[in-house]
**Student:** 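Below you'll find the structure I mean.
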Amino acid sequence: MRVEKVGIIGAGLMGSGIAQVAAYHGLDVTLVDVDQAHVDRAIAAIRARLEREAERGRISAEAAEAASHRLRGSADITDLTSVARAEAVIEAVVEDLEVKTRIFRQLGRVCRPDALLASNTSSLPLSDLAAASGRPERVIGLHFFNPPWALKLVEVVSTASTTEETLQDALQLCRQLDRVTVQVKDTPGFIANRLLVPFIFDAIELLQTGVASAEDIDLACRVGLNHAMGPLATADLIGLDTLKAIAESMFEEYGEPRFKAPTLLRRLVSLGYLGRKTGRGFFRYT
Ligand SMILES: NC(=O)c1ccc[n+]([C@@H]2O[C@H](COP(=O)([O-])OP(=O)(O)OC[C@H]3O[C@@H](n4cnc5c(N)ncnc54)[C@H](O)[C@@H]3O)[C@@H](O)[C@H]2O)c1
């Protein structure tokens with residue numbers, strides 16, 4: 001199935017990034033969030049990023065303008081009728097099972113019968129969302145990476161109820177979006193976060209026990225391990241609230257201490273220091 005219209009639920013870091021990628025690759029995008037002002041801000045930010053990309057010569061000015069015209073927003077988060085005609089919907093709201101379950105229940109009610117229903121969840125049980133939708137055979141995980149316009153990987157996550165046709169439709173959508181895919185079963189953290197989260201938590205332990213400064217921990221990983229970004233800067237980029245939520249569901253599922261959110265991470269979240277998106281996390285961004 002070739003997708004022409006895509007609905008994206010959630011206009012935060014990931015939803016707006018995925019919307020940008022989809023619009024750039026020629027899809028008509030409807031971006032939905034809880035209120036209109038939030039959606040309008042997200043669309044303005046996407047347009048500004050596209051313009052910047054064009055100014056830097058990474059994309060043509062025509063492509064940036066065409067992509068901008070393919071974006072529209074809606075705040076109908078409760079009934080979701082704005083995405084009823086989309087061939088594919090990608091959900092990217094907060095990492096909260098209750099919120100996502102509500103959305104999948106509603107998507108099952110309003111979407112066209114053949115719509116592909118995807119979640120960008122990092123760690124929550126996709127099978128629960130599939131069941132809530134009432135059409136579990138059409139539900140799949142499409143786990144994009146942050147920021148989606150720069151990182152091409154998508155983990156394509158199947159549940160026991162995902163059909164081969166759904167998997168093929170999802171892979172075709174990823175090809176339309178020029179993504180690199182890996183296939184994985186419905187398990188918390190999939191491949192990348194299962195490896196990354198304990199690594200970040202060890203870095204936080206080093207910091208909170210005073211072994212080294214945040215700057216030196218990240219410098220060691222960048223220069224010594226040849227990582228593009230240090231673990232603490234990566235945590236700030238993910239968003240510390242999102243990282244904590246991901247860890248909580250991984251810890252609940254695996255029960256292993258390596259997935260337990262360190263005290264310092266929980267304290268920073270309580271203070272509202274959520275990383276780049278609030279201007280302060282392990283580092284300051286203002
Ligand atoms: N941040 C990352 O690096 C990253 C990477 C891959 C996947 N993800 C996943 O993507 C999803 C979104 O993460 P994000 O980083 O974009 O978070 P975010 O906090 O930037 O955005 C979340 C969005 O959800 C909306 N929202 C909040 N409450 C809602 C509700 N009750 N109903 C509907 N929408 C609501 C918010 O308004 C916000 O726009 C999560 O499932 C996360 O695990 C995140």
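First listed ligand is number 1; within each ligand, the first listed atom is number 1. What you see below is based on every heavy atom in this structure, not just the backbone, and it leaves out hydrogens, waters and symmetry mates.
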**Student:** To the closest 0.5 Å, what do you measure between CE (M229) and OG1 (T234)?
**Tutor:**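 If I round to the nearest 0.5 Å, the distance is 4.5 Å.
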**Student:** In terms of side-chain heavy atoms, does S161 have a donor or acceptor partner in T159 at a distance below 3.5 Å?
**Tutor:**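 Distance-only check passes for S161 and T159.
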**Student:** Using a strict 4.0 Å threshold on nitrogen-to-oxygen distance, state whether K277 and D241 make a salt bridge.
**Tutor:**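 Yes, charged N to carboxylate O under 4.0 Å.
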**Student:** Y273 versus R284: any side-chain heavy-atom pair under 4.5 Å?
**Tutor:**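 No, side chains not in contact.
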**Student:** For ligand 1, list all ligand N or O to protein N or O distances below 3.5 Å, rounded to 0.1 Å.
**Tutor:**
residue  : atom   : partner : partner atom : Å
ligand 1 : 1 (N)  : I238    : O            : 2.8
ligand 1 : 3 (O)  : N146    : ND2          : 3.2
ligand 1 : 8 (N)  : S122    : OG           : 3.3
ligand 1 : 10 (O) : N120    : ND2          : 2.9
ligand 1 : 16 (O) : L13     : N            : 3.3
ligand 1 : 16 (O) : M14     : N            : 2.8
ligand 1 : 19 (O) : K277    : NZ           : 3.3
ligand 1 : 20 (O) : L13     : N            : 2.9
ligand 1 : 24 (O) : V94     : N            : 3.3
ligand 1 : 37 (O) : D33     : OD1          : 2.7
ligand 1 : 37 (O) : D33     : OD2          : 3.4
ligand 1 : 39 (O) : G12     : N            : 3.2
ligand 1 : 39 (O) : D33     : OD2          : 2.5
ligand 1 : 39 (O) : H38     : NE2          : 2.9
ligand 1 : 41 (O) : V93     : O            : 3.4
ligand 1 : 41 (O) : E95     : OE1          : 2.5
ligand 1 : 41 (O) : K100    : NZ           : 2.7
ligand 1 : 43 (O) : E95     : OE1          : 2.9
ligand 1 : 43 (O) : S122    : OG           : 2.8

**Student:** To the nearest 0.5 Å, what is the distance between CZ (R102) and CG (L107)?
**Tutor:**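 Rounded to the nearest 0.5 Å, the CZ-CG separation comes to 12.5 Å.
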**Student:** May I have the list of side-chain donor-acceptor pairs in residues 22-32 shorter than 3.5 Å, sequence neighbours left out?
**Tutor:**
residue : atom : partner : partner atom : Å
H25     : ND1  : V21     : O            : 2.9

